[in-house]
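Have a look at the structure below, then the notes.
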Amino acid sequence: MLAVNTITKSPDRSRLSRAQQMRQAVLLTFCDGTMPENSCLRNLSDRHWKKLLHWLDTSGLALYFFDRLRELKKIDLLPKTVHARLEQNFADNTKRTKGMLAELDAIQRELQRTEVRYAVLKGFSLWPHSVPHPSMRSQLDIDFLIADSGIERAVRVLEERGYHLFAKSGNSWEFKIGQMREASLKTLYKPVRYGCVELHVAADRRRTAMLARTQTIKYDSVPMPVLASADLFLGQGLHVFKHICSESSRASHLLEFWRHVIARRSDAAFWRDLRVAAEPYPRASIEIGVVLLIATQLMGEFVPEALTCWTVDTLPSYARLWAELYGRRAVLGGSHGSKLYLLLQRELAADGAPASRTVAQVLVPWSLPKLMTYNPGPELLADRLGRYRIKLQVLYYRLHFHVLEDVRYLFHAARWRSHMARLGRPQAQRLLARNKGMTIR
């Protein structure tokens, strides 16, 4: 693992809470050659370790962190109970990963038999540049990019294996098999008796072109077609931005992207290929630039000039300001999530990049949250009551989240308008003038 030791003072203008400081210290263990003696991870109380462990699980960093401490020979930093728990989690996740790999191999064989053109997305395709070993990754599903002409055959393949269509959104089809329950940390790493597969249809020229230039990798004797190197990196970066600009993001996504940049750091030909691959995506430079700027704030300088010159260095002033004010919060926040990404979304929309949902629709959602609970067969009364209980718990949790985050958003929105007015954004200037009884033409 290539480490980056240059840690610069973060330009982030927001203050971090004690919990967020501990989370950033976790990320810094991956880029520091040694554990700093003054690290806030030393001498944590059992209460703080319990809270940090919960975040490590929900952020997807638990097993990465456990492996990194072993690599640094600092495993004694962990209390015995935490050490034992993570060790068991790693053993369980290794079995889980083997099961998912076997299922991936079986589905691939059927797709090949029916002559469906496809590529494996995310997950296993991120090995080895982003993920040292798939058993360290918290993976919940298997993703495929499917040629538009082969979607019907791909659906039949999954249905013959016992999968049922669970949800469809745009060009993404989500299938599940077995009886599923709402995600629980108690079973997060356990080998599962159910499965989830997502089919992403290549319904436009860009994705069709990606399928035409796939490459094959082999993990644990299982070959799989994956996106070409530049396409894979580009898709990963855009995916990280998508999660940062959502109600909750996983710090593991940022770490994996950081690792990918480090692995390619000296590959000048790759960065040229990436820039060409990004040309059909008008917002790629902004989205990847925001991700890189946030990662730099958290983990220090690491991005080669061949990448920053058309991403970070060309960021609009509002995107750079949002990253400095709220970027670290977006990555280091708790599992409850945040709506402050709407501030950036609103500015992107003003520049001609509307989101799928308006700010008002996010602040006041009228649809119920989709639950993971799934049972395609007969259901006992006890199971049905259990499902109802889970639904009520989720509804209460989401109601609490919306009330809290709406208030927080409204507070920061006023502050944000002042920043935008100073940057010369006309919409913010007009709104501030209206509030002060002034007229601006």
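Just the heavy atoms: all of them, side chains too, but no hydrogens, waters or symmetry mates, feed the values below. Not measured: the values here are computed from a predicted model.
- R265 places a side-chain N or O within 3.5 Å of a backbone atom of F302 that can act as its donor or acceptor partner.
- The distance from atom CG of L145 to atom CG of L199, rounded to the nearest 0.5 Å, is 10.0 Å.
- The backbone N or O of L298 sits less than 3.5 Å from a side-chain atom of Q24, completing a donor-acceptor pair.
- Distance alone, capped at 3.5 Å, is enough to place a donor-acceptor pair between the Q215 side chain and the L227 backbone.
- In this structure, R259 satisfies the cation-pi test against Y64, with its NZ or CZ atom closer than 6.0 Å to the six-membered ring centre and inside 45 degrees of the ring normal.
- Ring orientation note: the planes of Y326 and W416 are tilted relative to one another, at an angle of 30° to 60°.
- Paired with E71 under the rule side chain to side chain donor-acceptor pair (under 3.5 Å), one option of R68, K74, K73 passes, and it is R68.
- For Y189 and F90, the distance between ring centers is not under 6.0 angstrom.
- With respect to the salt-bridge test (charged N to carboxylate O, under 4.0 angstrom), the residues E159 and R156 do not qualify.
- A cation-pi arrangement, defined by a distance under 6.0 Å to the six-membered ring centre and an angle within 45 degrees of its axis, is absent between K339 and Y409.
- The cationic atom of R161 (NZ for Lys, CZ for Arg) does not lie both less than 6.0 Å from the six-membered ring centre of F175 and within 45° of the ring axis.
- Crowding of Q112 atom CD: a count of heavy atoms from other residues, nucleotides or ligands under 6.0 Å exceeding 12.
- Taken to the nearest 0.5 Å, the CZ atom of R415 stands 5.0 Å off from the CG atom of L325.
- The side-chain tip of R264 does not point at the ring of F233 from less than 6.0 angstrom away and within 45° of straight on.
- For the residue pair H200 / N171, no side-chain donor-acceptor distance below 3.5 Å is found, with atom types taken as modelled.
- Expressed to the nearest 0.5 Å, how far CG of L126 lies from CD of Q139 amounts to 8.5 Å.
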**Prompt:** When you look at H133 and Y219, which way does the side chain to side chain donor-acceptor pair (under 3.5 Å) test go after all the steps?
**Reply:** CA-CA 10 Å; H133 196 287; Y219 174 74; 3.3 Å; yes
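- Aromatic ring centres of W173 and F144 lie farther apart than the 6.0 Å criterion allows.
- When only modelled atom types and interatomic distance are considered, H260 and Q236 share a side-chain donor-acceptor pair under 3.5 Å.
- Of the listed residues (K98, R85, K190), just one forms a salt bridge (Lys or Arg N to Asp or Glu O under 4.0 Å) with D92, and that residue is K190.
- Here the CZ atom belonging to R408 is positioned 7.0 Å from the CG atom belonging to L340, to the nearest 0.5 angstrom.
- For R109, the CZ atom counts as loosely surrounded, since its 6.0 Å shell holds 12 or fewer non-hydrogen atoms of other residues, nucleotides or ligands.
- Summarising the geometry, atom CG belonging to L52 is positioned 10.5 Å from atom CZ belonging to R18; distances are rounded to the nearest 0.5 Å.
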**Item:** CA sep, side-chain torsions, deciding dist, call: R153, E115, salt bridge (charged side-chain N to carboxylate O under 4.0 Å, His left out)
**Value:** CA-CA 9 Å; R153 281 171 286 162; E115 298 182 341; 5.2 Å; no
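- The backbone N or O of M299 sits nowhere less than 3.5 Å from a side-chain atom of W258 that would complete a donor-acceptor pair.
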**E247/H402 under side-chain contact (heavy atoms from CB on, under 4.5 Å): CA gap, chis, key distance, verdict** = CA-CA 10 Å; E247 292 181 359; H402 286 299; 4.1 Å; yes
